[in-house]
Amino acid sequence: MAKHTLAKNIDKHLNETITLKGWVYNIRKSGKIWFLIFRDGTEFIQCVILKNEVSPEVFKLKTTLTQESSITVTGVVQEAPSQKFGYEILVKNIEVIQIAEEYPISLKEHGIEFLLDNRHLWLRSKLPNAILKIRHEVSKASRKFFDERDFTLIDSPMFTPNASEGTTTLFKTKYFDQEAYLTQSGQLYSEAAIMGFNKTYCFGPIFRAEKSKTRRHLTEFWMIEPEMAFYDINDNMELAEEYVSYIIQQVLENRRKELEILKRDVTILEKIKPPFPRITYDEAVKILQKNGRNFKWGDDFGAPDETLITKEFDKPIFIHRWPAETKPFYMKRDKNDDKYVLGMDMIAPEGHGEIIGGSQREDDLDLLLERIKKENLSEKMYNWYIDLRRYGSVPHSGFGLGLERTIGWICGIKHIREAIPWPRTIVRLSP
RNA sequence: UCUGGAGUAGCUCAGCGGCAGAGCGGGUGGCUGUUAACCACUAGGUCGUGGGUUCAAAUCCCUCCUCCAGAGCCA
């Protein structure tokens, strides 16, 4: 084990001499005293350097140290006179590891293009750091939630020969002497997996070549997709609302400080507990018409429509029972009225949009074949998927949660490109 | 792809026909409790690209490029 202390743990070492390893975040100079804001990725700490407490060489570092220079600091943990920092380090010694060249990201404002071009450096700043710690918490909580409920993690492949949804939004790539597509969803594979494991989830990146240029779109994003045998659409919605509530509560419990850094209004998050309101597609259409929007039955909701509908509620809502034409072939028809399918979307409040899409799946062999024919999909390509309806078909359901949109909502950030370490959008492939 | 907006110092921006500017960052000096510290001095420019109008263009007109916001599509 390394002998140095992590900055986040200094409260356990009050009045002790400790050694920290990290980077210079900022320096404030005075005459015979100077202040160094130190960061090591776990916390920011103020270090105080007094002329009569250190060697002349160390004191002189105030003129040579630059922002982001790497250093080893040794000193005594003490309470800071001001309330802003809590604890600070009275420095005894500083060893320079490297003097950084002029660092491009200053503590003042920057434009988004510049920051994204410098994403490799921007990760060191306070806001991205807080957001990505919350991302970690959401991933951790997701794994925990499903693991504790008898789900087995069965990952789906990234290379696929077919599309789960439309074929216009796929990234195509060469695969030796064949063509392959990058996956859009692990769902079809998960449907096979649950017949062997009962309840499964997959968690990984997926790829969509949509030419969408909005604050809710990435070309590469992460999705968590649970799939459950013997679950109907209502079981599916119950699981989804429990899951979303759980990750919110875990973030509130373990990442308060990060939410504070992001100035997130946590009273909104504290209200997120089951049950969530459930409205049918038809009821959602009525809300729109009541508010004077010109909306045609059978269309899908646009972003402004979603925002308007969710305004009536202070929690995420489910919209279920969609017109069959708007939804993909694998969704099960409503047996009360086959104009509708048993699909359900969860829309986050505050304009963050759809975070979950799911459905009860079509488990009847003949109905599935009929849908595949009607949509002109290749029966041969879906042979293995159709097989699942031949050998002990059961009612089953599942959903996919978009990780970045969920994080964007929890963090209250405008654009989801900040919710992923290395965003890939229609205009960005690097760094 | 469509609609709107913007490209000027390393960064954030002002200037909108007549000498290229500020703040931050960099450099030098000052200051014993600073909080994106402060004060003084200082270096730093292909005004996105190509063309046009004009005695004179960062500024007006046109072309193209890039980015931002929104729409469509979606998680």
Side-chain angles (χ1 to χ4, degrees), chain A residues 25-37 44-53 59 62-64 66-68 78-86 88 90 100-118 121-122 125-126 164-166 168-169 184-187 205-225 240 299-307 326-328 345-348 351-358 399-409 414-417 419-420 425-428:
Chain A
Y25 186 70
N26 192 20
I27 287 173
R28 286 186 281 271
K29 290 173 239 186
S30 203
K32 296 191 179 77
I33 184 172
W34 56 284
F35 304 91
L36 183 159
I37 309 302
F44 294 79
I45 293 174
Q46 171 160 273
C47 301
V48 187
I49 299 92
L50 288 163
K51 188 162 194 174
N52 52 23
E53 293 277 345
F59 193 77
K62 73 169 176 174
T63 58
T64 50
T66 54
Q67 193 187 355
E68 290 303 316
Q78 59 181 28
E79 283 182 48
S82 82
Q83 293 172 347
K84 190 160 178 179
F85 289 99
E88 65 178 19
L90 178 63
E101 291 175 27
E102 192 183 327
Y103 190 64
I105 301 179
S106 73
L107 301 182
K108 294 273 179 179
E109 281 174 38
H110 295 283
I112 190 67
E113 191 187 4
F114 174 78
L115 289 171
L116 288 172
D117 283 344
N118 288 285
L121 304 175
W122 190 27
S125 300
K126 269 186 182 160
S164 78
E165 291 169 26
T168 53
T169 60
Q184 274 193 317
S185 160
Q187 182 203 315
I206 68 159
F207 310 88
R208 301 212 177 161
E210 285 155 9
K211 296 218 165 156
S212 320
K213 240 186 101 174
T214 83
R215 68 177 122 114
R216 294 175 304 279
H217 286 87
L218 298 166
T219 54
E220 177 183 312
F221 65 99
W222 283 60
M223 207 152 68
I224 301 163
E225 295 175 278
D299 284 350
D300 208 344
F301 303 117
D305 300 323
E306 283 177 353
T307 307
T326 62
K327 294 291 183 184
D345 286 358
M346 187 192 288
I347 320 288
H352 289 276
E354 185 184 339
I355 54 172
I356 280 180
F399 62 86
L401 173 131
L403 186 66
E404 288 76 15
R405 280 195 189 172
T406 305
I407 293 162
W409 167 47
K414 273 191 298 211
H415 200 303
I416 63 166
R417 64 192 159 205
I420 188 166
T425 66
I426 185 170
V427 293
R428 182 166 294 279

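Naming: A, B, ... by sequence-line order, numbering from 1 per chain. Since this is a predicted model, take the numbers as computed values, not measurements.
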Mind listing the N/O atom pairs, protein and nucleotides 4-13 of chain B, below 3.5 Å?
residue: B:C11; atom: O2'; partner: A:E109; partner atom: O; Å: 3.4
residue: B:C11; atom: O2'; partner: A:H110; partner atom: ND1; Å: 2.4
residue: B:U12; atom: OP1; partner: A:G111; partner atom: N; Å: 2.8
residue: B:U12; atom: O4'; partner: A:E109; partner atom: O; Å: 3.4

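Look at the C1' atom in both B:U59 and B:A20: the space between them is 12 Å, to the nearest Å. With both ends at atom P, the span from B:G21 to B:A43 equals 13 Å, rounded to whole Å. Rounded to whole Å, the C1' atom of B:C11 lies 22 Å from the corresponding atom of B:U28. The separation of B:G5 from B:G18, taken at their C1' atoms, amounts to 29 Å, rounded to a whole angstrom. As rounded to the nearest Å, B:U34 and B:C16 have P atoms that lie 40 Å from one another. For B:U53 and B:C61, the P atoms lie 15 Å apart once the distance is rounded to whole Å. Between B:G10 and B:G27, the distance separating the two C1' atoms is 14 Å to the nearest Å. Comparing the P positions of B:G15 and B:C74 gives an interatomic distance of 43 Å, to the nearest angstrom.
Partners of A:E225 by salt bridge (Lys or Arg N to Asp or Glu O under 4.0 Å), not counting sequence neighbours: none found. With sequence neighbours excluded, no residue satisfies salt bridge (Lys or Arg N to Asp or Glu O under 4.0 Å) with A:E354. In terms of the side-chain hydrogen bond (donor to acceptor under 3.5 Å, both in side chains) criterion, residue partners of A:T214 (sequence neighbours excluded) are, by chain and number, A:H217.
Backbone-only engagement by A:I356 is indicated by non-hydrogen atom pairs under 4.0 Å involving sugar-phosphate atoms exclusively. Residue contacts shown for A:K51 are absent, as no nucleic acid heavy atom lies under 4.0 Å away. Using a 4.0 Å heavy-atom cutoff across all strands shown, A:N52 reaches at least one base atom of the nucleic acid. Within the nucleic acid shown, A:T214 comes within 4.0 Å of at least one base atom, counting heavy atoms only. Within 4.0 Å (heavy atoms only), A:H415 reaches sugar-phosphate atoms of the nucleic acid but no base atom. Backbone-only contact: A:R215 has heavy atoms under 4.0 Å from sugar-phosphate atoms and none from a base. A:D300 comes within 4.0 angstrom of sugar-phosphate atoms only, judged by non-hydrogen atoms across all strands, and of no base.
For A:T66 (side chain) and A:A100 (main-chain N/O), a donor-acceptor pair under 3.5 Å exists by modelled atom type. In this structure a side-chain-to-backbone donor-acceptor pair under 3.5 Å is present from A:K62 to A:S30.
For the strand RNA chain B, secondary-structure stems (runs of at least three Watson-Crick or G-U pairs, all distances below 3.5 Å) span B:1-7 with B:65-71, B:10-13 with B:21-24, B:26-30 with B:38-42, B:50-52 with B:60-62.
Distances shorter than 4.0 Å separate some side-chain N or O of A:R208 from OP1 or OP2 on B:A75. Between A:R428 and B:U66 there is no side-chain polar atom (N or O) within less than 4.0 angstrom of OP1 or OP2.
Taking atom CD of A:Q184 as the reference point, atom P of B:C73 lies 16 Å away to the nearest angstrom. Remark: P of B:A75 and NZ of A:K327 are 6 Å apart, rounded to the nearest angstrom. The nearest whole Å value for the distance from the CD atom in A:Q46 to the C1' atom in B:G33 is 8 Å. Taking atom CG of residue A:D305 and atom C1' of nucleotide B:C73, one finds them 13 Å apart after rounding to whole Å. As a whole-Å value, the separation of A:I27 CD1 from B:G30 C1' is 17 Å. For the pair A:F301 CZ and B:A75 P, the computed distance is 14 Å after rounding to whole Å.
Across the interface with RNA chain B, nearest-nucleotide mapping of A:S212 and A:S30 shows A:S30 to be the residue nearer the 5′ end.
In terms of polar N and O atoms assigned as donor or acceptor, the side chain of A:R405 comes within less than 3.5 Å of the base of B:C74 in a complementary pairing.
Annotation: salt bridge (charged side-chain N to carboxylate O under 4.0 Å, His left out) contacts involving residues 106-118 of chain A, sequence neighbours excluded, comprise A:D117-A:R428.
Ring-base stacking between A:F221 and B:A75 is satisfied, the centre separation being under 5.5 Å and the plane angle under 30°.
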